[in-house]
Amino acid sequence: MQINKFMVGGVLILGAVVFLIWSSLNATSEYFLTVNELNEKGSNIVDRNLRVSGAVLGDSIQYDAANLILTFEVAHVPGDNAEIEALGGLAEVLHQAVIDPSRERMKVVYEGPMPDLLRNEAQAIMTGHLGADGIFYADELLLKCPTKYEEAVPEQVVNK
Amino acid sequence: MIAQFGFGVLVVSFLVALYSVFAAIYGEYKKSPSLVESARRAMLLTWPLLTLTAGVLIYLLVNNHYEVQFVYEVTSRSMPTYLKVTAWWGGQAGSLLFWSWLMSAFTSLVTLRKWDRDREFLPWVIVVSGVTMSFFIGMNLFFENPFAQLYQTFEGIGPHTFQPADSILFTPQDGQGLNPLLRHPGMVIHPPMLYLGFVSFVIPYAFALAALITGRTDDRWIRLTRRWALWAWLFLSFGLVLGGRWAYDVLGWGGYWGWDPVEIAAFMPWLTGTAFLHSVMIQEKRGMFKHWNMLLIILTYSLVIFGTFLTRSGVLSSVHAFAESAIGPLFFTFIGLTLITSVALLIYRWDSLRSETTMTSMLSREALFLLNNLLFMSILIVCFWGVIYPLISELFSGQKITVGPPFYERATGPLFAALMLLMGIAPLSAWGHSTVKTLGRAIWKPAVIAVIITVALFFTYTKNAIALTGFFLVALVILVTVYEYWRGANARQKSQGENIFTAFWNLTGRNRRRYGGYIIHISMMLMAIGILGIELFQVETQGRVAVGESLNLANYTVEYREIASWDDSPKGVNFTRAVVDIYENGVYLGELHPRKDFYFESQQSMTIPGQYATLRDDLYILLIDWEPASVEGATFKIYVNPLVNWLWLGSLLFLVGIVIAAWAEKDPERVTVRAGRRIQQTSAADD
């Protein structure tokens with residue numbers, strides 16, 4: 001009987017945790033898409049929570065410093081880590097994405113201070129939503145330079 | 001030459017660590033004390049060996065040996081010496097070596113202790129720590145050699161451990177240098193603290209496994225490692241807090257806590273470790289939860305390795321991720337194997353770990369501790385689920401679905417609130433048995449005062465329901481804890497005839513873990529105030545202003561005075577520094593210097609805020625952009641973060657609390673006789 005009392009308590013807590021996870025997932029989960037997938041789905045996913053990864057095109061970065069409005073474009077990079085590895089690593093994939101003019105691209109708008117790590121060939125992971133105008137409105141920007149912690153051996157050293 | 005020497009010593013350390021594992025197993029098998037003793041000495045030898053290896057690496061780092069690939073990658077001539085030293089853990093190969101080095105220091109310390117009473121544990125403690133250490137040294141040896149040098153061959157230049165045929169050594173003129181965001185005093189202390197925390201949890205785990213293997217499953221292993229676990233927890237907590245402070249001070253990292261997968265990876269062992277620290281008390285006092293404690297320490301160890309794995313493997317996208325590398329799968333295999341072995345051992349010894357007493361009352365101290373543990377585990381489940389959900393969703397639906405901070409905040413918020421409520425109730429409950437009546441009698445005074453405070457806040461400060469709930473809980477916990485303290489001191493004052501201050505001092509000194517723990521509870525509440533403040537009440541503004549113009553936010557006025565920009569050539573940095581005057585309600589407070597540093601070699605900028613800190617709030621000014629002609633003005637982004645400094649203040653108090661709790665007891669008034677089935681009706685002031 002005593003056991004039951006504690007069992008009931010345990011089940012209640014477990015139920016509460018499952019409910020918390022389930023309801024929070026429903027309210028906050030984001031589809032993780034590549035630029036290609038995003039363009040493919042287009043207007044079907046307008047106003048959904050999305051997370052998109054892409055390679056930053058340095059020339060497209062514009063910053064309206066008076067209003068803190070940042071616009072830039074990203075080019076498609078594969079979303080799968082194994083695929084990225086197979087293509088020669090993140091730095092190489094980002095580089096190829098940026099120099100290839102036939103890659104699909106996406107325009108991004110973000111309001112806020114310009115992140116220090118935003119630059120050509122950085123990987124941007126953006127959380128936000130796709131507007132009806134086809135522009136991605138990012139609420140959060142996560143930037144990853146493959147060179148951020150450990151620089152790959154640079155071109156003048158590695159010979160391909 | 002020097003690099004090869006370093007590699008050679010690393011090889012020797014690896015062999016010595018392996019030897020100690022095999023000698024310990026074989027010595028135990030053959031019942032040969034001399035073999036076990038030689039295993040112990042081998043273990044002791046790993047520390048000087050790895051220290052020598054590390055010394056060689058530091059020598060190479062400090063003396064610009066750019067022919068060594070690792071040195072080339074993480075340092076440059078423009079870096080000050082202290083940063084060149086810390087670059088040791090600025091890259092993957094070095095940080096693995098750092099890990100092994102710490103591990104060897106701790107195992108040496110452990111093997112140096114007196115083993116008379118615990119001789120049977122010794123070989124197995126050596127085996128467990130030796131296996132862990134061999135794994136990490138092996139990573140360095142076979143996959144991430146910090147001593148690989150750059151050689152020019154016909155195929156080009158690349159890193160090699162040994163000189164390839166027909167090649168010459170290639171020495172770049174300068175290194176690439178540590179990323180500017182890492183050139184911060186935070187780099188000196190944040191990673192080592194986390195690593196210290198990670199590594200020192202290996203010791204309690206080693207003892208737990210030794211207990212399982214030898215079958216000596218009483219609480220001896222817990223008593224032996226209690227202080228290890230506390231120190232491990234201290235370092236881990238301190239590491240987490242320092243990371244938060246670093247992030248807060250450098251814009252590039254964004255906020256103080258971002259629910260980034262790697263932050264969570266460091267947070268998860270903290271959660272299980274915290275649960276462990278609480279539940280071992282139940283085993284000591286009541287002989288219960290023995291399986292649970294084993295499981296917790298096994299989980300903590302696995303999560304420690306998992307955390308290291310996450311930061312190294314590139315499996316998850318994170319601001320902390322190192323370059324992707326082949327060592328990920330090996331980490332995964334290692335975690336899998338250790339987890340399976342440990343759990344198998346636990347099941348094998350299941351029967352000898354039965355509880356000595358049963359739980360009877362839902363409100364007894366032990367039941368509330370159990371609830372505390374379940375809540376920590378619930379938070380762990382939420383975190384773990386959030387981290388692996390992208391992988392799982394992709395596996396099952398083909399669509400990768402990720403979660404961000406809103407998920408974690410929403411799902412863990414109520415759990416944290418429940419933990420706070422528990423912190424308010426549990427200290428008043430009694431071992432064995434409590435009823436609503438006994439608890440109610442103890443809690444009603446603090447609860448009434450907490451309600452009064454909350455009502456006062458409602459009329460004066462905020463009408464936000466979450467904030468008010470939070471402040472109520474904070475008030476309740478602080479009041480209950482202070483009340484407990486006061487009751488203890490008061491009783492002592494009467495019985496011992498001490499004055500109240502001496503009574504406070506002796507009370508804490510005689511039961512350090514209990515009262516250190518109370519200080520930790522209070523510090524957690526201070527931190528909660530800070531988190532509630534910045535999360536719920538942060539306000540911000542931005543704008544472009546000309547010299548002499550100002551921006552207003554909350555009670556503050558920020559007036560732009562001047563800007564200057566200059567190059568610091570030896571450091572390779574351009575500094576742009578604005579001077580702003582700040583006023584509060586028209587009263588001049590002083591000047592702040594938000595600035596932007598630009599690092600030429602990496603073409604990267606770094607934004608350093610100007611901060612004006614008070615207990616009420618934190619004025620946080622970022623320089624966004626500027627025009628050379630001052631009439632054109634500069635753009636600032638300004639935040640007011642209410643109460644956030646309580647977070648940092650709480651962190652300091654937290655350290656004090658842990659140090660008190662972990663400090664060696666000078667005269668142990670420890671009651672080793674268990675309360676057993678005896679039911680204590682009295683409240684908890686007497687444990």
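Numbered from 1 within each chain, the chains take letters A, B, ... in sequence-line order.
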Inset, instruction - Heavy-atom distances under 4.5 Å only: say whether Tyr408(B) touches chain A with side chain, backbone, both or neither. - result: neither

Legend entry - Leu374(B) and Val17(A), any side-chain heavy atoms less than 4.5 Å apart: no

Inset, instruction - Report the distance from atom CG of Asp625(B) to atom CG of Leu68(A), rounding to the nearest 0.5 Å. - result: 8.5 Å

Legend entry - Straight-line distance of Leu50(A) CG to Ile401(B) CD1, nearest 0.5 Å: 11.0 Å

Legend entry - Max heavy-atom pair count under 4.5 Å with chain A, selected residue of Leu371(B), Val403(B), Ile381(B): Val403(B)

Legend entry - Crowding at OH, Tyr137(A) (>12 non-hydrogen neighbours, <6.0 Å): yes

Inset, instruction - Give a yes or no on this: more than 12 heavy atoms of other residues, nucleotides or ligands lie within 6.0 Å of atom CG of Asp59(A). - result: no

Legend entry - Euclidean distance, Met377(B) CE relative to Leu14(A) CG, rounded to 0.5 Å: 12.0 Å

Inset, instruction - Please report the shortest heavy-atom distance between Gly404(B) and Arg51(A), naming the atom on each side. - result: CA-NH2, 4.1 Å

Inset, instruction - Flag the one option from Glu540(B), Met606(B), Gln152(B) with the top tally of heavy-atom pairs under 4.5 Å to chain A. - result: Met606(B)

Inset, instruction - Select all residues of residues 19-30 of chain A having any heavy atom within less than 4.5 Å of some heavy atom of chain B, and report them by number, or 'none'. - result: Leu20(A), Ile21(A), Ser23(A), Ser24(A), Leu25(A), Ala27(A), Thr28(A), Ser29(A), Glu30(A)

Legend entry - Contact origin within Asn67(A) toward chain B - heavy atom pairs under 4.5 Å: backbone

Inset, instruction - Please state whether the side chain, the backbone, both or neither of Ile379(B) comes within less than 4.5 Å of a heavy atom of chain A. - result: neither

Inset, instruction - With Pro113(A) as reference, evaluate Thr607(B), Thr635(B), Leu622(B) under the side chain to side chain contact (heavy atoms under 4.5 Å, CB included) test and give the passing residue. - result: Leu622(B)

Legend entry - Residue pair Glu140(A) / Pro405(B), side-chain heavy-atom distance below 4.5 Å: yes

Inset, instruction - Kindly check if the number of other-residue, nucleotide or ligand heavy atoms within 6.0 Å of CZ (Phe384(B)) is above 12? - result: no

Inset, instruction - Select one option (side chain, backbone, both, neither) describing which atoms of Pro414(B) are under 4.5 Å from chain A's heavy atoms. - result: side chain

Legend entry - Proximity breakdown for Glu37(A) and chain B, heavy-atom pairs closer than 4.5 Å: neither

